[in-house]
Amino acid sequence: MRTVYFGLILLLCLTNNTSAYPAFNTPNSVDVHGNKCPLLSRGGLKCPTLCARTFDDCPSVISAPSCGNGQQLCSDGTCQDSCEGIENPCLCGFSADQVAQEYVACPTYDGRVTAPDFDPGLKQQQVELACGKKFDILPSNATIDTQFSVVPEWNDQATDDKLMWLQCPTPQNQTFTFHEPMFLAFYCILGGALLLITLWHFYKKLRESGVAIHRQFCEAVVSDAQNEKSSASSNGSEQDPLLFRGFKMDYFGFFLFYLVLLITAGWIVLLAVIVSDYYGVVDGTAFGVFLSSPTSSAIFIFVWHLAAIWLGVVTACQHRLRNYFRIECKLADANVIQVEERRADVIMMESNSKLLSRIRYYEGILKRFIRFDIVTTTTKIYTSKGETEKPYRYIEYHCTRYVQGEDDVYSPYAYYLGNTRAELLSVATGLSSKEAQARQSRIGENFVRVSVPSFPKALFEEFAAFFYLYQMMCLWVWFYFNYYPMGLVQMCVIIISALVKVIVRLKSEYKVKSLAEQQSSCLVKRDGEWSELDSRELVPGDLVGLSGHSQIVCDGVIVRGEVVVDESSLTGEAMPVRKFALKPDSVAYDKLSSGKPFTLFDGTTVLQTLGNEQKEAKSSAASSTSTDLKATLVGEKHNAFDGEPDTLMLVTATRTSTDKGKLIQRILYPTTYSFIFDEHLRAVILILLGWGGVAFALTIWLMGHDTTSWFYGLFIISQIMSPLLPAALVVGQSIAAERLRRIKIFCVDLPRIMVTGKVRVFCFDKTGTLTKEGLEFSSVQKIEQSTPGNATFLDAVNDMGKIDDLTQAAFASCHAVTSIKDQFIGNPVDVEQFRATDWEIVKSSEYDATNTYLDTLMSPYLVKQPGDEKATRKVVHVVKRNEFIHARQSMSVAILDPRTQHVHVFVKGSFERIKRISNQDSIPATYDKVTANWAKEGCYVLALAHKDLGPVENLKELDAMDRDAFESGCSLMSLIMFRNQLKPDTKDAITELKQGDTRTVMITGDNALNGIYIARQCGMVTSEARILLGDIEKDHLVWRDSNTEEVVENIDELLLSDKEEHEFAEKSMGDVVSKRTASLELAVTAAAFDYLVVTDKIRDYLFNIRIFARMTPNGKVEAVQLHMERAITAMCGDGGNDCGALRAAHVGLALSESEASIVSPFSSSDRSIFSCVRLLKHGRTALATSFSAYKFLIMYGESMAWLELFQFYFSVIVPQAVWIFIDSFIAVGLMFALTQSKPAKTLAACRPTAKLLGAHTLASLWGQILINFVFLVGLMGLLFRQSWYRCNEFDSRDIDTSLWWLLGDNYEAEVISISQLFQFINAAGVFNFGYRFRTSWWRNYVLVVLYLGFMAAVSVLVLADPNRFGCLFRINCGDPDVLVKMGYPRPSWHISEYNSPIGSNVLPHHFRWTLWGYCLANIFTVYIYEYFVVLGPIGQWVKRRWQRVKGDNKIALKL
């Protein structure tokens, strides 16, 4: 504890060194003409106590009172009932036997005296001289040099002098030896704790020696179900992000942990006690515990530093602290497991700045050194309670159960049910209770539990961050240094900001909780019997009976029957989807591709079941175009099952093994994204901290090497690094989120709002996004084959009734449509196709008593066949159906014609796919040309092929056929065309996005030519642009002109020429659209895209490709991710097959009917493309306003720093009311008002900057700071040229600088205050500029009202004569008697005594107007600079010149 002791002694020594003030000028030395200033009279001086040998020696003016009523005259000059315990001030703390003569104190003089020719350097002597003459104890001709021969100052050896001035020697001030009991207790507690922690460290190292080799690296590996053993990862796996470390409790460590917590709380209590003692709260008197202001200040500073270090270490190690006081051990012996996962930060828009790169590099080194790149989580170890098997141990991490194997290694447990459809069907027999219990004990109950902290806990977690620690330590300084009003205001703002963050966080987590924690009762087959169980008890392998209006709470496959489900809550897809029973073939099962038509996903809702015994018509996987159908289906509830359920599902995955579970995991434990704004913010904080250190050193130098200067230095640091900085961001994001909610755009990730402000590329799905959801039937074009190898197209017809019966039957059956309650459910294309035929879906039971047929369809036309007595309607039966699969781009059916008993196979799909699988002699020579022409006209083109299998005796043989064999050998039969109409506002939205310098891209699963047509229609591509289509022909990438179909050989040369034209246009004048509209565009098919990716050429062509066609869901993700490498990229889709792309993009917007979607950060229930425009508008506004608030607070800090340095130079402090007005009303009010700016009506042709250290930001910020600094210097120079001011300068040598509120009653502080008030207020108005991203500044009504109100208030302070308002701020005011002498009426309000020799700081009228005009000139200069230089033509000219000289690294994307 010797260090602690010497630290306190050193601080006390510094307290007494107060003479090191630099003096560049001496106050009141010369006037404006250079003449020496005359010394002025100083009034209002209080006389010191006069000590006398006896009360009779006291002068008559302060003669001893006559005590009556039995009172006694005590040695302090007062009458008391008893003098016992009354301290004699004239002993100066000595006892009576320690002085030669005990003097008594004459009564206190209540009046004030005036000292002529007052010199602050001789203040005490002059006061004593004036008081001596006032008391008539000194001759009238006495001087400072002669007065002490008559009345000397206090001396403990005095005996002959009748009177002495009470001036006790300063060493007699009370002080500590630091051996007092409370200090000894402090030493013992702190020293003992540090000693015990040191001993624990060595003890822990000794106990843990050799344990590190038992740490486990873990990766999730699916186990083998047959062996029913979990598969563990190998130790030391470098690729696995998880490290498991076991810890067990130690009583010694347990005691130390809670001792650390107790000491942590003790630091807070100790600081509170010191602050309370400052105000006399502890024992009723100020400094009652810590004796005096200097001693208390020294102790506070010392404790403050120790507390900051201790709290900083505890905050940094909060997630590891508990395990540090445990013993690391083998996993088998552990009580808890510490899971360590390396933090993976994703940087958006990584800057090329060398400074940022260097900061990031050293930050990474530091984080790795102190292991801050590791996310640590401690989880309890649980023991299974299974009755049928040996107990085992497990942990829960990120909602997933990790089971300890026989080798003591923890790993996630999974069950293998099979790879093929047949294997899955083979295990769909139900489980025994014993099997189910064993599986559940290892996987866990089927329930993703989202742990949402209580509000107090969430608030504590919020405050347990470094910036809040910094804010708290700043507040302690403010509270201690009598700045509690502002401290309370800042504390309220910080708390409100934290509350907003916590409330937003909890609302988001409760929303996720409601999406994740879903359970219901379900019918499950256990032990060969059906019983109703809670869905939590489901495990992989369970067989579940489905009913309508039920919730799916696991992933599974349908093994019998069919269902209609609503997947909107999971995918955003608005239309119901139909799912089918698994086929008993050997095809590999993949739930996200070929197996999707058979898969039910967790989180979806069963609207209708269509089991084998259903009395309604059955059909295939589909979705409905009517949103009203959901309500119809949901309202239909099935009764309890009677016997075996008709529709059965095999559970394949539960908990976080489901797709929904993985989505929930991503939301709860997201990847940390670092926006370029955050990258710059780190550098800014380092720069501000460096500048704060310099300002702190300057403060110590200017204010003197004492404890008071330390407080002023901390003030500067806290203002440079404003504690309100985080609040600005939170408020801006919250306001933007609320505005988006009002326009039906919902956000579940607030920080992404800032990212939307920098979106440069917006990718769109086509169908249902750019175009309407439904398609309209256009026409059918038959193919006739008169002779083998001579196929030709017939004329297209738009009436299905005009084609032959077989083709009608093909279109009536080759789909996946069903009819429920007279409404069709199916894929929009299939529904429109079926409606065009006018056929009917009839009840199968009328034709099929054995449930052999999937569907029965009936023609609307009466046909009389030979041998029939009357005409009948043609009927066909669907006996086999292969559902549509994206990867195959086709579907197929087999129908039975009961008249001929022939089985016909029809295959329908994309015209490219059908061409590849059809007999070549059935393909017309003009096939490519005809289909291309239809696609160019904007048609959605499908082809149909056919083969006749003839009579088939056993229809079950069809089920055994391989799909490839089933669909092979067909002949082309017909084309069918649909029109896909644009949404009414798509073109306008695309136009506005382009005008907003946002590149639009189409990523569609549709045909390329159709995509090109839609791109031209919506304005994504101009009608004049040449589009080259890339596709794979004979294993080579071939580029063809989309209009002429000519092969283009020199694609690279054309692109180079186009690039040169583009660069030339960029340098020319004109709007951004005309400069960047491309004359050459590329489109690629999925095959061409894959080829470019494999050959690593995709990045060379990426920003020339406008249309990505025939893209699979995975292909969409890859295309989006490639754009993300070079620009902030957004994706908009309807949430169907583009869920992956929506999640992958920097900004994903799902056009979903659900209010909140877990598919993407943003969702809009308004399915208009203008939702994208609105999102970008609000994103740009949020980014611009947050930047404005940040610049305002940084400018506030920098200006405050210069303000305080000016103050310290003149040894003045602006009045307390001014501080409170600036920090409470101006800083807080205007910062909030800046965030109220509304979005601009249109998207500007540029984006707001996201670089705090960018040229634009620095020019705006530092330009204003420099201008304000120059004007402040000029204003002080103007003041020094005023004759009324010179020789009336403020001299603070007779003032205690720790009493800072007494240093503002002067002209210097007044002028500085007025200048800074105008500058601070004006900064908000200047930073509100930015009409390109926000509405005009005057439309921010909150800011305008506050701005004008504050400006008017300050103008009143400057221009008005002494009044109540001005006197509140100690501006243009003074002592009442002085004001009367100056010709003003006596104030009727109370005015505290002025701490100034002249008793006022009222400015002359002419100077008030000069000062006001000077401040207005400052305001207009800043406005002109910001408007014309930063935002206007001068700034644009400088930017162009700079880019011309240095080059522009920014890619000018084609619009």
Side-chain angles (χ1 to χ4, degrees), residues 580 583 597 618-622 777 779-785 791 794 800 803-818 826-827 829-841 853-859 874-885 888-919 922-923 927 931 940-952 955 957-959 961-978:
F580 312 93
K583 304 296 176 60
K618 300 179 293 296
S619 139
S620 234
F777 169 72
S779 58
V780 171
Q781 190 167 17
K782 277 279 296 177
I783 296 173
E784 183 180 62
Q785 191 171 359
L794 301 179
M800 284 277 191
I803 59 178
D804 60 277
D805 290 349
L806 184 62
T807 307
Q808 281 189 47
F811 286 123
S813 61
C814 195
H815 55 72
V817 176
T818 188
N827 180 282
V829 177
D830 286 349
V831 171
E832 186 66 15
Q833 170 191 310
F834 183 70
R835 281 178 175 158
T837 65
D838 286 334
W839 282 49
E840 297 178 26
I841 301 175
Y853 309 140
L854 299 176
D855 275 314
T856 298
L857 304 120
M858 180 180 289
S859 169
K874 183 178 179 67
V875 174
V876 297
H877 306 296
V878 179
V879 294
K880 180 181 174 66
R881 178 183 291 112
N882 291 312
E883 291 74 20
F884 177 80
I885 297 175
R888 298 181 68 93
Q889 296 183 342
S890 66
M891 70 163 295
S892 57
V893 296
I895 67 167
L896 172 65
D897 186 344
R899 292 178 182 271
T900 64
Q901 292 299 309
H902 277 225
V903 173
H904 297 273
V905 174
F906 300 109
V907 183
K908 182 185 71 175
S910 68
F911 61 83
E912 302 99 328
R913 170 70 179 175
I914 301 303
K915 176 186 176 182
R916 288 197 297 270
I917 65 174
S918 297
N919 296 327
S922 69
I923 301 174
Y927 182 84
T931 54
Y940 182 78
V941 184
L942 297 175
L944 183 74
H946 162 260
K947 68 178 177 181
D948 186 352
L949 297 181
V952 178
L955 294 178
E957 294 177 1
L958 297 174
D959 292 334
M961 289 184 66
D962 177 77
R963 181 163 179 171
D964 289 334
F966 182 79
E967 296 179 353
S968 64
C970 295
S971 298
L972 270 170
M973 189 177 193
S974 176
L975 299 179
I976 183 169
M977 279 68 69
F978 302 87

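All residue numbers refer to positions in the sequence shown, counting from 1.
Counting only distance, with no hydrogens or angles, the side chain of Q901 and the backbone of P951 share no donor-acceptor pair below 3.5 Å. No side-chain donor-acceptor contact under 3.5 Å links D830 to the backbone of V817. Looking at R881, its side chain does come within 3.5 Å of a backbone N or O of H815 through a donor-acceptor pair.
L972 and A943 get closest at one heavy-atom pair: CD2-CB, 4.2 Å. Across all their heavy atoms, A965 and S968 have their closest contact at O-OG, 2.9 Å. Taking both residues in full, the closest heavy atoms of T837 and A812 are given as CG2-N, 3.9 Å, listed atom of the first, atom of the second, then distance. For C814 against V893, the heavy-atom pair with the smallest separation is CA-CG2, 3.7 Å.
Residues meeting the side chain to side chain donor-acceptor pair (under 3.5 Å) test with Q781, sequence neighbours left out: W934. Under the side chain to side chain contact (heavy atoms under 4.5 Å, CB included) criterion, A810 pairs with F906, L944, M973, sequence neighbours left out. Residues satisfying the side chain to side chain donor-acceptor pair (under 3.5 Å) criterion with R963, sequence neighbours excluded, are E967. Under the salt bridge (Lys or Arg N to Asp or Glu O under 4.0 Å) criterion, K915 pairs with D928, not counting sequence neighbours. By the salt bridge (Lys or Arg N to Asp or Glu O under 4.0 Å) test, K947 is found to be paired with no residue, residues two or more places apart in sequence or in another chain being considered. Looking at residues two or more places apart in sequence or on another chain, you find a side chain to side chain donor-acceptor pair (under 3.5 Å) between Q808 and W839. Residues that satisfy the side chain to side chain contact (heavy atoms under 4.5 Å, CB included) test with D948, not counting sequence neighbours, are H902, H904, H946. Partners of E840 by side chain to side chain donor-acceptor pair (under 3.5 Å), not counting sequence neighbours, listed by chain and number: R873. Taking the side chain to side chain contact (heavy atoms under 4.5 Å, CB included) definition, one finds that N919 meets it with D921, S922, S971, sequence neighbours left out.
Taking the side chain as every heavy atom from C-beta outward, L942 and F911 never approach each other to under 4.5 Å. Within the 4.5 Å cutoff, side-chain heavy atoms of M800 are placed close to those of V780. Residues D897 and L806 form no side-chain contact, since every pair of their non-hydrogen atoms from C-beta on lies 4.5 Å or further apart. In this structure the side chain of I895 never reaches within 4.5 angstrom of the side chain of L857, judged on heavy atoms. Considering only heavy atoms from C-beta on, M891 stays 4.5 Å or farther from E883 through its side chain.
The aromatic rings of F978 and F777 sit perpendicular to each other, their planes meeting at more than 60°, with 30° as the lower class boundary.
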>> Apply side-chain contact (heavy atoms from CB on, under 4.5 Å) to residues Y853 and V879 and explain how you reach the verdict.
In response: CA-CA 5 Å; Y853 309 140; V879 294; 3.7 Å; yes

>> Apply side-chain contact (heavy atoms from CB on, under 4.5 Å) to residues V952 and L896 and explain how you reach the verdict.
In response: CA-CA 9 Å; V952 178; L896 172 65; over 6 Å; no

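Considering CE of M977 and OG1 of T931, their distance stands at 10.0 Å, rounded to 0.5 Å. In this structure, CD1 on I841 lies 4.0 Å from CZ on F834, to the nearest 0.5 angstrom. Once rounded to the nearest 0.5 Å, the distance linking CD1 of I783 with CG of L975 reads 5.0 Å. Atom CD1 of I803 and atom CD1 of I976 lie 8.0 Å apart (nearest 0.5 Å). For the atom pair S813 OG and Q833 CD, the distance stands at 8.5 Å (nearest 0.5 Å).
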